[in-house]
Amino acid sequence: MSANDFPFIDFTRETYSAEEMIERSQSFLEWADQRRSVRDFSDQPVPKEVMENILMTASTAPSGAHKQPWTFCLISNSALKSRLRALAEEEEKKSYGGRMSDEWLEDLAPLGTDWQKEFIDIAPWIVVVMKRPYEMQEDGTKRQNYYVSESVGLASGFLLMAVHHAGLVALTHTPSPMNFIAKALNRPENERPFLLIPVGYPAKDAKVPDLNRKSKQDVIAIYD
Ligand code: IYR
C-alpha cells in the first residue's frame, strides 16, 4: 500500500462476475458503436445544465500528475458562433484550396467534408476544448503541465461519450491552424485550442457516411 505524506482514502467499487462482465461489456460496445460523428445539426436548443454535466464528465478524465490541463469554452452566443464560423471557413478555404495534399483530400472524400462549416452557426452549443501546456502562478512564474495532449485527448473522448449518453450528437472539428479561436475568445496566453466540438440534436434529415469500423482482428494484437 502507498505510504507517504499525502492523504490517501479507501477505494472500493462494485464488481461483477465473469458472465455479468461479458454481458455488460458487450452491451456497452453495442451502445458505443451507435455513436457517429454528425455534420447535420438541428438548431433545437439543449439546456445549459446538460452541457455543464457533459463537460464536468469530460473533466473526470485522468491527466498527467492530475493537473487537469484543460478548459472547456461553452458557446451559444449567435454573434460569437457566426464569427467563429467565418474565421474557421477562412482557414478551411485555404486548406481545401491547396494546403491539404491530394492524398489527404482523396482520403476525406468518403466523409463528404468541405470548407463550409454551417454547423458552427446551427448547433445550439459549440465547445472549444483548450489545452493548457502550463499554469501561470500567482508570482508570475510558469508551472509545467504533463502529457497535455494525451490528457486533453482523453477528456475529449469522455466528452464525446457523455454527449452520446445524453442522446445528443457531436462533431470533432479541427479547423487548422486554430490560433484564431484563442484570439476570438480572448483566452489567456497559457491556453491553446485543441478541438472545436459542435453539440446538439441531429437534423431530422441528417445523413452520415456509410462507413465500417475495423474488425477485432485488425485492431487487437493479443499476446496470451
Ligand atoms: N480540418 C478539416 C479537414 C478534415 C480533416 C480530417 I483528418 C478529417 O477527418 C475531417 C476533416 C475539416 O474539419 O474540414
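Counting starts at 1 for both ligands and their atoms, in listed order. Scope of the values below: all heavy atoms of this structure, side chains included, with no hydrogens, waters or symmetry mates. Numbering of residues begins at 1 and proceeds along the displayed sequence.
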Next item on the list: Heavy atoms only: give me the nearest A65-Y146 pair and the separation to one decimal.
Entry: CB-CD1, 3.7 Å
Note to self: So for Y96, does at least one of its heavy atoms come nearer than 4.0 angstrom to any atom of ligand 1?
What the structure shows: yes
Notebook entry, point to check: N/O of R39 under 3.5 Å from N/O of ligand 1, yes or no?
Noted result: no
Check: Should the proximity of D107 to ligand 1, defined as any heavy atom under 4.0 Å, be assigned to the side chain, the backbone, both, or neither?
Finding: neither
Next item on the list: Please indicate whether any nitrogen or oxygen in K117 is less than 3.5 Å from any nitrogen or oxygen in ligand 1.
Entry: yes
Next item on the list: Check the side chains of R143 and Y134 for a donor-acceptor pair under 3.5 angstrom, ignoring hydrogens and angles.
Entry: no
Next item on the list: Please write down residue, atom name and distance for the protein heavy atom closest to atom 4 (C) of ligand 1.
Entry: L108 CD1, 3.6 Å
Check: In terms of side-chain heavy atoms, does E191 have a donor or acceptor partner in T71 at a distance below 3.5 Å?
Finding: yes
Item checked: S59 versus W70, side-chain donor and acceptor atoms under 3.5 Å -> yes
Note to self: So that I can tick it off, tell me whether R132 and E135 are bridged by a salt bridge, with the cut-off set at under 4.0 angstrom between side-chain N and carboxylate O.
What the structure shows: yes
Next item on the list: Around atom 2 (C) of ligand 1, find the nearest protein heavy atom and jot down its residue, atom name and distance.
Entry: E92 OE1, 2.8 Å
Notebook entry, point to check: Side chain, backbone, both or neither: which part of W104 comes within less than 4.0 Å of ligand 1 when only heavy atoms are counted?
Noted result: side chain
Note to self: Are any of the N/O atoms on T174, whether in the backbone or the side chain, positioned under 3.5 angstrom from an N/O atom of ligand 1?
What the structure shows: yes
Note to self: Below 30° counts as parallel, above 60° as perpendicular, anything between as tilted: where do the rings of F119 and F41 land?
What the structure shows: tilted
Notebook entry, point to check: Is the closest side-chain donor-acceptor distance between T113 and Y96 under 3.5 Å?
Noted result: yes
Next item on the list: State the atoms of ligand 1, each with its element, that fall below the 4.0 Å cut-off from a heavy-atom position in H173.
Entry: 12 (C), 13 (O)
